[in-house]
Amino acid sequence: MPRHRRASAWKRRSSERRLKKVWLTEPVNSLKGIGKEAAKSLENLGVRTVGDLVMMFPYRHEDNRLKDLAETPHEERVTIEGRVESEPSVFFSGKNRSRLQIRLLAGHHLVKAVFFNQHYLKHRLTPGMTVTVTGKWDRGRQTINVSSFKEGPKQTGEDFEPVYSLKGGMHQKTIRRYIRAALDAVSGELPDPMPAELLEQYKLPGIAEALEGMHFPRDAEHVKHARRRFVYEEFLGYQLKMQAIKKVRKEAGKGTELHYDLDRLKVFIDSLPFELTGAQKRVVNELCAELKEPVRMNRLLQGDVGSGKTAVAAIALYAAITAGAQGALMAPTEILAEQHAQTLADWLEPFGVRIALLSGSTKAKARRIILEKLAEGEIDLVIGTHALIQPDVNFKKLGLVITDEQHRFGVQQRRILKEKGGDPDVLFMTATPIPRTLAITAFGEMDVSILDEMPAGRQPIETYWTKREALPAVLKRMGRELQEGRQAYVICPLIEESDKLDVQNAVDMYEQIRQYFGGRFNVGLMHGRLHPDDKEAVMREFSEGGLHALVSTTVVEVGVNVPNATFMVISDAERFGLAQLHQLRGRVGRGAHKSYCVLLADPKTEIGKERMQSMTETTDGFRLAEKDLELRGPGDFFGKRQSGMPDFKVADPVHDYRALETARRDAERLIASEAFWNGPEYETLRTVIEQSGVLSDERID
């Protein structure tokens, strides 16, 4: 073929491909059979274009394979094919309510098939005809309550029926018809966003075959392989964005090279009143190596309650200070900031480190002096609350920012503190154990360090689970602890009564405990509706020993260190997730004395009982977090307000964790390669990153 004709043919095919790509972006009512009203109904489902329609995946598939009733459990959904053996009988009860029943011979089983409010089928169901019915099997009555019915024997290709999440009167059959029309319209011309290299490597089906498998599968294997492809594709797209953010941050942020004094750092570590655990040594080495690099650190340090995050933070801060830089540590509450300031002063001031505490309670004159010294570089380390991000707080050379319990601060608050130093290294700390699968997903753009080893000598907290009516016996046991000079927490989930939840509230519990002890012990009350100053005052009184017992809602979950507290009661424990229960339990067991935690709970479900049992069996926060994730799912684990979790259509970070790990490895490799940024086979994946905005300057924080 002449050269100009080859070029012309290539241009024509290229043009056709572009037209088909545009076709996917056309409105759904451009499809035959979808009018304006149907388009409005689809728009209510978030479907506006043909592309949206073909990517509207079912949330499950009904298994319509024929089953032997002898092997079908009671109340399981089942599909059978049988011959009608009796005339239909119809019974009416009330207006427009009816029950039609027939006898069906399915294999060797003569069963009753019951149709509710479908009396109009009486003239269609005749003895001798073959029908296929699906419904719930009542083993005792040998009855099927029919949910769907079809005349004739079951056809091939109907074994797995997609079920979509619908609303606004849209029917399953209707949406399937629309999706069929959309797939037929783009048949053979669907652009595949996945490069052939990855499809071949993991034996994944192409886009057309995978879409057929999701919407109109031939069999179980077809569904399985189609889902496997889209799970990987979703994870890969997300991980590419995360890795691109990391790449852009490292290239855009010059960072601060902190060449710390290793000899002075070793002397400081040797002076600490304890031996570092292996996990602490590993994490310290990771942090110190990153401090010396000319790119900005963006790292999450997660460790269980009592795993030694504060010691790691102190070492990193001292390293930055020996390099001539300043450090800042931001905590979510004043009392936690004060505790950090006291601990760090005890460790660091003997080495000449100049430390200041800045909070909302700092007097105006003292605050002015602190701000002047910070700006002049006469303070090496400042510890504080939100007060650190006020506009008039300036540093001479901020080298390292640490945010404790980072999820308690908004993104903008954390960003303001980072920007005060230009390009300081940033370390986020959390005591909430996050399973690896969720850490990869929600914090994929960060490097993650984990303290997964507890210091020697720390006593495990004995945990018991009992029913609510055992409260008097529990209070008697608590009284013995208080009599010995110890202190106790009593945690309640709500402040006041709710019509919807039968939950003991903090106010009533407070009165009940006061009456029980009859003035022998001082009991305090704290909850989220108290004024912040009142909360601080109550917590301070408890910390200083003025209160023997503290009744509180979950406001004590984070950052309270009262080593003398050895007893905790958690009321209505079934209302909490395992991760939160573990966080609450971590408020005791912080001193030299044996500590106890009692869960008052009456769980109504097997999962609820399993969660309570798990709490009594382990004090390992990571094991509990994995269990919590397994039982409740990622959305409930983080809570509805957590914005870090992406909303995947098909993928599940819990059950598909192997695919998640694979996608992360592949994304790291691709982002680091020249081929990804220049090769035509990766054009669509690059477009996904570009359209997400992760490469823009605004996205870099």
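- Between the Ser614 side chain and the Glu610 main chain, a donor and an acceptor come within less than 3.5 Å of each other.
- Aromatic ring orientation, Phe676 versus Tyr682: tilted (interplanar angle from 30° to 60°).
- Here the straight-line distance linking atom CD1 of Ile179 with atom CZ of Phe57 works out to 9.5 Å at 0.5 Å rounding.
- Between the Gln326 side chain and the Lys397 main chain, a donor and an acceptor come within less than 3.5 Å of each other.
- There is a side-chain donor-acceptor pair under 3.5 Å between His655 and Asp652.
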**Q.** Test log, rule side chain to side chain contact (heavy atoms under 4.5 Å, CB included), inputs Cys288 and Leu265
**A.** CA-CA 10 Å; Cys288 288; Leu265 192 59; 3.9 Å; yes

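- At distances below 3.5 Å, at least one donor-acceptor pair connects side-chain atoms of His61 with backbone N or O atoms of Met214.
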Q: Run the numbers on Asp261 and Tyr318 for side-chain hydrogen bond (donor to acceptor under 3.5 Å, both in side chains), then give the verdict.
A: CA-CA 9 Å; Asp261 189 320; Tyr318 186 61; over 6 Å; no

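- Looking at heavy atoms from C-beta onward, Leu685 lies in side-chain contact with Pro195 at the 4.5 angstrom threshold.
- Formation of a donor-acceptor pair under 3.5 Å by the Arg176 side chain with backbone atoms of Pro162 is found in this model.
- Side-chain contact between Leu287 and Ile315 is absent, with no heavy atoms from C-beta onward closer than 4.5 Å.
- Between atom CD1 of residue Ile671 and atom CG of residue Asp666 there is a gap of 11.5 Å, rounded to the nearest 0.5 Å.
- For the 3.5 Å distance criterion, the side chains of Tyr232 and Asp656 fail to qualify, holding no donor opposite an acceptor.
- For the pair Val50 and Pro27, the tightest heavy-atom approach, listed with the atom from each and the gap, is CG2-O, 4.1 Å.
- Across every non-hydrogen atom of Val401 and Pro424, the tightest pair is CG2-CG, 4.0 Å.
- Relative orientation of the His215 and Tyr164 rings is parallel, given thresholds of 30° and 60° on the angle between their planes.
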(Q) side chain to side chain contact (heavy atoms under 4.5 Å, CB included), that's the test. Do Ile34 and Leu53 meet it? Break it down for me. (A) CA-CA 12 Å; Ile34 300 182; Leu53 190 55; 4.3 Å; yes

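- Minimum heavy-atom separation, Ala320 to Leu258: CB-CD1, 3.9 Å.
- Of all heavy-atom pairs between Tyr260 and Ala319, the closest is CB-O, 3.1 Å.
- Formation of a donor-acceptor pair under 3.5 Å by the Gln280 side chain with backbone atoms of Thr277 is found in this model.
- Among all heavy-atom pairs drawn from Ala331 and His340, the shortest one is CB-CD2, 4.2 Å.
- The shortest side-chain heavy-atom distance between Leu45 and Met56 falls under the 4.5 Å cut-off.
- Separation of atoms OG1 (Thr662) and CD (Gln201) is listed at 9.0 Å; rounding is to 0.5 Å.
- Using a 4.5 Å heavy-atom cutoff, the side chains of Lys247 and Trp677 are in contact.
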(Q) The test is side chain to side chain contact (heavy atoms under 4.5 Å, CB included); show your working for Leu301 and Ile450 and say whether it passes. (A) CA-CA 6 Å; Leu301 171 59; Ile450 299 176; over 6 Å; no

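- Judged purely by atom type and a 3.5 angstrom limit, Arg227 uses its side chain to pair as donor or acceptor with the backbone of Val650.
- Counting only heavy atoms from C-beta outward, the side chains of Glu290 and Arg299 approach each other to under 4.5 Å.
- Partner of His582 under the side-chain hydrogen bond (donor to acceptor under 3.5 Å, both in side chains) criterion, chosen from Thr619, Thr618, Asp304: Asp304.
- Judged by distance alone, the side chain of Thr174 and the main-chain N or O of Met170 form no donor-acceptor pair under 3.5 Å.
- Within the 3.5 Å criterion, the main-chain N or O of Thr49 finds a donor-acceptor partner in the side chain of Asp52.
- Distance check: Ile383 CD1 to Leu388 CG gives 9.0 Å after rounding to the nearest 0.5 Å.
- With salt bridges taken as basic N to acidic carboxylate O contacts below 4.0 Å, none links Asp452 and Arg623.
- When the options Arg218, Arg229, Arg180 are evaluated for a salt bridge (charged side-chain N to carboxylate O under 4.0 Å, His left out) with Glu212, the one that passes is Arg180.
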Q: Report the C-alpha distance between Leu624 and Met615 in whole Å, list the side-chain angles of each, state the deciding distance to 0.1 Å, and finish with yes or no for side chain to side chain contact (heavy atoms under 4.5 Å, CB included).
A: CA-CA 8 Å; Leu624 286 171; Met615 283 294 296; 3.8 Å; yes

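- Here the CG-CZ distance, from Leu211 to Phe230, works out to 4.0 Å after rounding to the nearest 0.5 Å.
- Glu286 places no side-chain N or O within 3.5 Å of a backbone atom of Ser449 that could act as its donor or acceptor partner.
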Q | Test ring-ring contact (aromatic ring centres under 6.0 Å, His included) applied to Phe216 and Phe160, step by step | A | CA-CA 8 Å; Phe216 305 100; Phe160 291 90; over 10 Å; no

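- Between the side chains of His225 and Glu209, no donor-acceptor pair of N or O atoms lies under 3.5 Å.
- In terms of modelled atom types and a separation under 3.5 Å, the side chain of Asp192 and the main chain of Ile207 share a donor-acceptor contact.
- At a threshold of 4.0 Å, the pair Glu453-Arg282 does not count as salt-bridged, since none of the basic side-chain nitrogens sits closer than that to a carboxylate oxygen.
- Between Leu276 and Val312 the shortest side-chain heavy-atom distance does not fall below 4.5 Å.
- For the pair Ala313 and Ile402, the tightest heavy-atom approach, listed with the atom from each and the gap, is CB-CD1, 3.7 Å.
- Annotation: side chain of Phe395 is in contact with side chain of Val382 (closest heavy-atom distance under 4.5 Å).
- A salt bridge is absent between Glu234 and Lys649; no separation between the charged side-chain nitrogens and carboxylate oxygens falls under 4.0 Å.
- Under the 4.5 Å side-chain criterion, counting only non-hydrogen atoms from C-beta, Lys309 is in contact with Leu451.
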